[in-house]
Amino acid sequence: MFRDKGELFKIELVDAISEGQDLKIYNQGEWFDLCRGPHMTSTGGIGKAFKLQKFAGAYWRGDSNNPQLQRIYGTAFATQEELDAYLRQIEEAEKRDHRKLGREMDLFHFQEEAPGSIFWHPKGWTLFQTLINYMRRQQQKAGYMEVNSPDMMEKHFWELSGHWENYGENMFTTTLPDERVFCCKPMNCPGHVQIFKHGLKSYRDLPLKIAEFGKVHRYEPSGSLHGLLRVRHFTQDDAHIFITEDQIMAECLKINDLMLSIYKDFGFEDIFIKLSTRPEKRVGADHLWDKAEKALQDVLNEVTKRSNGRIKTALQPGEGAFYGPKLEYVLKDAIGREWQCGTTQVDFNLAGRLGAFYIDENSDKVTPVMIHRAMFGSLERFTGILIENFAGHFPLWLAPLQVVVATITSEADPYANEVVEAFKAAGLRVEADIRNEKIGYKVREHSLAKVPVILAVGMRDAEARNVSVRRLGSQEQTVMALADTVAAFKKEATPPDLG
RNA sequence: GCCGACUUAGCACAGUGGUAGUGCACCUGAUUUGUAAUCAGGGGGUCGUAGGUUCAAAUCCUACAGUCGGCACCA
């Protein structure tokens, strides 16, 4: 039947269904097709609340080696109201799009000559640095030592680590005038192993925690690039913890606690953890993978137990890194979208491959276990997630520009400058707007730029040493004494870990 | 990388074969203003890049690049 119609893919499906198994065909008027079912008895059952959304190519059976078919996307709801709600949700996501907000708030831009790379503007870079400073404090407190390793190393180094074999296609390389081939680092781990290897290490040095805000380069497929969320050059809050085998549980739990407390500081409390196990393409013996997977499974069980079941988990077979299995931390944002950020990976392979060892109690050389972990993951991506989560309305401590002092008449300029200096002295990020414009115009402009605090000052305020406070998202105006305002905003702008 | 669409001024967009436009932004002048757009004037584009068709190309064709939506990928 399908052969007569020349439908080769259908024939393939029919052939795949074993003898004796039911094969179902549904029909709708003159149209009929193969389907596992069930189908509606009539298209009338869909009702009017449906919408065709888009069409796009999709690989036959999800494999890029196969030909592509055209797929038409449509969606239907029981009522028009539900369809409208769904469409509003899409619209809401579009309004929060970090690419749009990044332009409107003057945070960053992209251009053709550097696909997948970011030009950070002063305000965006301020936000980025705020995140790094916060993370640096957290890591120092947790006993990490920050380092910096080379951005480029010779190709043979990456062959030794196994990266060239597994990901060489996606590495940036360059041939120098002396003919040596160098690769931009796609990961920081091999560099950190070199630092570990420098000088003999004792079991007494473990756990040894090496952290780096390392910028890594990965030649991502052109079609996968997406604003800040998927780029070719990004900064990881990366760390490698060198330990003995019996320290795995304790260290992974410490990482877990730090991870959850950090996410909480950004308002993410709905966390979900996935365990990814050995992939097909991997290095190392199976008995080591058995140990590593068991260790992470134990950690995951303990984490769930401690959270009283609040933390949901899932298993992703075959999704681990080539050197070890991983736990992946997924956060839920303000409009319910999920973002994978942090990762904890247990690795029995890399240290050995790169010749790292420590001296144990019996003076024997032992290969350490490595934990790879990142909490923000990619700083660039995390910045994008924050922009979307807050829709640009950052809490005061994160806002790149926290306060604008806008004058009502030019007579108030000297007082406005005084106000600015008072806020600067308190460590706040503040600018004056003394342009010859109406206050309504200034309020509109700074509101659109999502400045959290607008202080209007006219002669009334100058004489009384007050400011008129207007918060982003509210029409309300509060007249307050300058000194009180500075104190209140200084307190509010304090990062959560310093408060 | 694959399928499809798109690319015109800083931004948002109009212009389907015959002398490149609108709004906002920008610059100049006037206005000194009390909480989401004051008024008037002015400057700004080899229409993504490179070829081709045509008397004539932003417009039609080809290639390349980038972007967008999916797919695949994501150490």
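Below, chain A is the first sequence line, B the second, and so on; all start at residue 1.
Residue Tyr441(A) places at least one side-chain N or O closer than 4.0 Å to OP1 or OP2 of A25(B). At least one side-chain nitrogen or oxygen of Ser222(A) sits closer than 4.0 Å to the OP1 or OP2 atom of G1(B). An OP1 or OP2 oxygen of A75(B) is reached within less than 4.0 angstrom by no side-chain nitrogen or oxygen of Lys185(A). The phosphate of G70(B) has neither OP1 nor OP2 within less than 4.0 Å of any side-chain N or O from His226(A). OP1 or OP2 of C68(B) sits under 4.0 Å from a side-chain N or O of Arg99(A).
The aromatic ring centroids of Phe128(A) and Phe108(A) lie 6.0 Å or more from each other. Proximity of the aromatic rings of Phe322(A) and His163(A) is defined here by a centroid distance below 6.0 angstrom, and this criterion is met.
Between the C1' atoms of U8(B) and G21(B), the separation comes to 10 Å (whole Å). Here the separation of G29(B) from G43(B), taken at their P atoms, is 16 Å to the nearest Å.
Comparing C3(B), A75(B), U67(B) by their closest approach to the side chain of Asn170(A) singles out A75(B). Here the side chain of Ser468(A) is nearest to one of A65(B), U35(B), A37(B), namely U35(B). When distances run from any side-chain atom of Glu220(A) to the nucleotides U67(B), G1(B), C74(B), the shortest one goes to C74(B). The side chain of Gln477(A) sits closest to U35(B) out of C71(B), U67(B), U35(B). The side chain of Ser64(A) sits closest to A72(B) out of G69(B), G66(B), A72(B). For Asp461(A), taking side-chain heavy atoms from C-beta onward, the closest of the listed nucleotides G34(B), A36(B), A75(B) is G34(B). Considering only side-chain atoms of Met171(A), the nucleotide from C71(B), A36(B), A75(B) that sits closest is A75(B). Of the candidates G34(B), G69(B), U67(B), G69(B) carries the atom nearest the Ala56(A) side chain, counting heavy atoms from C-beta on. Here the side chain of Tyr219(A) is nearest to one of C68(B), G1(B), A75(B), namely G1(B). In the set U32(B), A75(B), A37(B), the nucleotide with an atom closest to the side chain of Arg444(A) is A37(B).
Using a 4.0 Å heavy-atom cutoff across all strands shown, Arg282(A) reaches no nucleic acid atom at all. If you check every strand for non-hydrogen atoms under 4.0 Å, Glu437(A) touches a base. Backbone-only contact: Ala58(A) has heavy atoms under 4.0 Å from sugar-phosphate atoms and none from a base. Among the protein residues, Arg103(A) comes within range of the sugar-phosphate backbone only, with heavy atoms under 4.0 Å from sugar or phosphate atoms but none that close to a base.
With rounding to whole Å, Gln111(A) atom CD is found 11 Å from G66(B) atom C1'. In this structure, CD of Gln70(A) is placed 11 Å from C1' of C2(B), rounded to the nearest angstrom. For Glu113(A) and U49(B), the CD to C1' distance is 11 Å, given to the nearest whole Å. For the pair Phe110(A) CZ and U67(B) P, the interatomic distance rounds to 9 Å; values are reported in whole Å. Between the NE2 atom of His98(A) and the P atom of U67(B) there is a distance of 12 Å, given to the nearest Å.
Between Glu251(A) and Lys209(A) there is a salt bridge, since a side-chain N of the basic residue sits under 4.0 Å from a carboxylate O of the acidic one.
Of the residues listed (Glu445(A), Lys438(A), Arg444(A)), the one engaging Tyr441(A) in a side chain to side chain donor-acceptor pair (under 3.5 Å) is Glu445(A), and it is the only one.
At a cut-off of 3.5 angstrom, the base of G70(B) holds no donor-acceptor pair with the side chain of Tyr59(A). Applying the 3.5 Å distance criterion, the base of C73(B) shares a donor-acceptor pair with the side chain of Arg230(A). Residue Arg470(A) places a side-chain atom within donor-acceptor reach of the base of A36(B), judged by atom type and a 3.5 Å distance cut-off alone.
Remark on RNA chain B: of its neighbouring residues Gln340(A) and Gly223(A), the 5'-side contact belongs to Gly223(A), judged by nearest-heavy-atom nucleotide.
No donor-acceptor distance shorter than 3.5 angstrom exists from the side chain of Glu159(A) to the backbone of Trp164(A), with no hydrogens or angles considered.
As the counterpart of C47(B), no nucleotide is assigned, since no Watson-Crick or G-U wobble pattern has both distances under 3.5 Å.
Judged by a 6.0 Å distance limit and a 45° cone about the ring axis, Arg381(A) is not positioned over the six-membered ring of Phe376(A).
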Decide salt bridge (charged side-chain N to carboxylate O under 4.0 Å, His left out) for Glu92(A) and Arg88(A); before the verdict, give the C-alpha distance in whole Å, the side-chain angles of both, and the deciding distance to 0.1 Å. CA-CA 6 Å; Glu92(A) 177 61 32; Arg88(A) 267 198 303 278; over 6 Å; no
